[in-house]
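Working notes for the structure below.
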Amino acid sequence: MIPHPDPTQETLVLNMGPQHPSTHGVLRVLLKMDGEYVIEAEPVLGYGHRMHEKMGEVRSHNGFYANVGRMDYGGALSFAHGHVLAVERLSDIQVPERAEYIRVITTELNRVASHLLWIGAFLLDLGAFTPILYSFDDREIALDLLEHVTGARITFSYFRVGGVCNDIDEQFIEGTKKFIKRMRERIPMFHKLVTGNIIFRKRVEGIGIIDRDMALRYGVTGPMIRGSGIPYDIRKVEPYSVYPEFDFDIPTYDEGDCMARHKVRMDEIEQSLRIIEQGLEKLPDGPVMMEKVPKKVKSGPGDTFMSVEAARGELCYYLATDGTDTPYRMKIRSPSYSNLSILKEVTSGILLSDLVAVMGSMDLVIPEIDR
Amino acid sequence: MVVIRTLIPLLKGLAFTIKHLFVKPITYQYPEQRREVSERWRGLHRLKMDDGRLLCVACGLCEAVCPADVITVERTETEDGRSFPSRFDVEVTRCIFCGYCQEACPKDAIELTRNYDFCEYTREEFNLNRDQLAKIEEA
């Protein structure tokens, strides 16, 4: 694991992390460097490992559900959505339509909040301090809205197998409409302030290029693969929940550099706002929880696979059960883990400061990588 | 030329920042000024009382549903045959505030209050027992 460089070649081994601000958590990157150039970057994982998959095998479906939000603190609701859909598919539970609409609306709102967090953190990595204050200003409104409905700001625990635990109210709907209007005014501001900024452009344009072939080889998903020109989004290619009812686009850019990934995420905010807007318009009446929810969600022996589009890419749950309410095996494919695997190839031969830009553009969430 | 091209966006950004000097601040001056949290906020636990008696009947559903296993309930009976918790402990430091206990409770006896800032000096002080939980006020 630890490289032993030839001393005559004057290479330097540098530990970036585990406590490094631009790794957004406890990720350690072993760098073999020649001067300021990175020869090899090797991510070392496991500092934040909490055995989530094993916990899924000792707790019941409902008991484990409280865990899923802890994996991805940025977009906890997408993780929750995947889990409840997997359990519902496993045990043939039909969810009321209103509940499914509420799930989509809140998940998309959470996706907007997650992307806003990313913009702030990414620019912070690049040395721009101010944008995080503006993006957090907007994110705060989204989190306040989610707090009003779910009762928490990060770890929502809002969905249940069979529906959602609380209905949304008029105040949430009004607030969300205001938020959409506000975000539509703010996105051009971000473009003016950040995307068009020459300093920012010099830092990210042509840096960390991932071509189509490389992206496919590594199984990169989410905004990263869409930044390489492949319109791969689970919401379109393998529609789940009520997403087929909505009219939205998958933004793609062909360049494959950090700038393309930035643009994809900026455009995705607008697409998420479109989904929320349509969702609030079409929101059907009815119950938000199925009648007679079983206390113990049981199913026959079997297995199921469910993939959803989380804020960072494709998230998959594989559940195998032997007929009890506790899964026999739970496997989670988290998006950042696969996205990080590309780091070694994409960063060989680039500057150290560009490595930070590449890692920032990946939108890494370490608890989700380590699980 | 490059200098000017670099300077203009810098100045534009600076102008934007200066404009924000005259906008109402979005931050809270925390200890003096407290943020109103939502009605559904899941904070510190509390056992509800009615006429000086606990509503809890020690059925143990909250204990069963708790994913973090922080609740311990022991049941006893009063002389007139009413069920009553002789022990009701919550280890608050290990609680994950999912809110399952208040959802599971058939008597609506346990609730998560809007109290979001609680701190103690030792871990032991966070192991709340029945009487401490009953004393916590609705925030």
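Predicted, not measured: the structure shown is a model, and the values here were computed from it. Reminder, nothing fancy here: chain letters follow the sequence lines and each chain counts from 1.
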Inset, instruction - For chain B, find which of A:Phe200, A:Tyr65, A:Tyr158, A:Phe64 contributes the most heavy-atom pairs closer than 4.5 angstrom. - result: A:Tyr65

Inset, instruction - Mind ranking A:Gly151, A:Ala66, A:Gly69, A:Gly63 by heavy-atom pairs under 4.5 Å with chain B and telling me who comes out on top? - result: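 Result: the option with the highest number of such pairs is A:Gly151.
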
Legend entry - Cation-pi check, A:Arg139 onto A:Phe136 ring (under 6.0 Å, within 45° of axis):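 Here A:Arg139 passes the 6.0 Å and 45° test against A:Phe136.
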
Legend entry - Row check, B:Phe97 ring normal vs B:Arg42 NZ/CZ: under 6.0 Å, within 45°: no

Inset, instruction - Determine, using ring centers only, whether A:His83 and A:Phe79 are less than 6.0 Å apart. - result: no

Is it the side chain or the backbone of [X] that comes within 4.5 Å of chain B heavy atoms, both, or neither?
X        : result
A:Thr155 : backbone
A:Val149 : both
A:Leu193 : side chain
A:Met189 : side chain

Give, as side chain, backbone, both or neither, the part of [X] having an atom under 4.5 angstrom from any heavy atom of chain A.
X        : answer
B:Ile96  : both
B:Val65  : neither
B:Tyr116 : neither

Legend entry - Main-chain N/O of B:Thr93 paired to B:Arg123 side chain as donor or acceptor, under 3.5 Å: no

Legend entry - Side-chain donor or acceptor of B:Arg114 paired with backbone N/O of B:Val37 under 3.5 Å: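 Yes; at least one donor-acceptor contact below 3.5 Å.
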
Legend entry - B:Thr78 side chain to B:Asp80 side chain, donor-acceptor N/O pair below 3.5 angstrom: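 Note: B:Thr78 and B:Asp80 side chains meet the donor-acceptor criterion.
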
Inset, instruction - Return the orientation label for the B:Phe16 and B:His20 ring planes: parallel under 30°, perpendicular over 60°, tilted otherwise. - result: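 Rings of B:Phe16 and B:His20: tilted, as their planes differ by 30° to 60°.
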
Inset, instruction - Between chain A and each of B:Glu103, B:Glu39, B:Lys12, count heavy-atom pairs under 4.5 Å; write down the option with the most. - result: B:Glu103

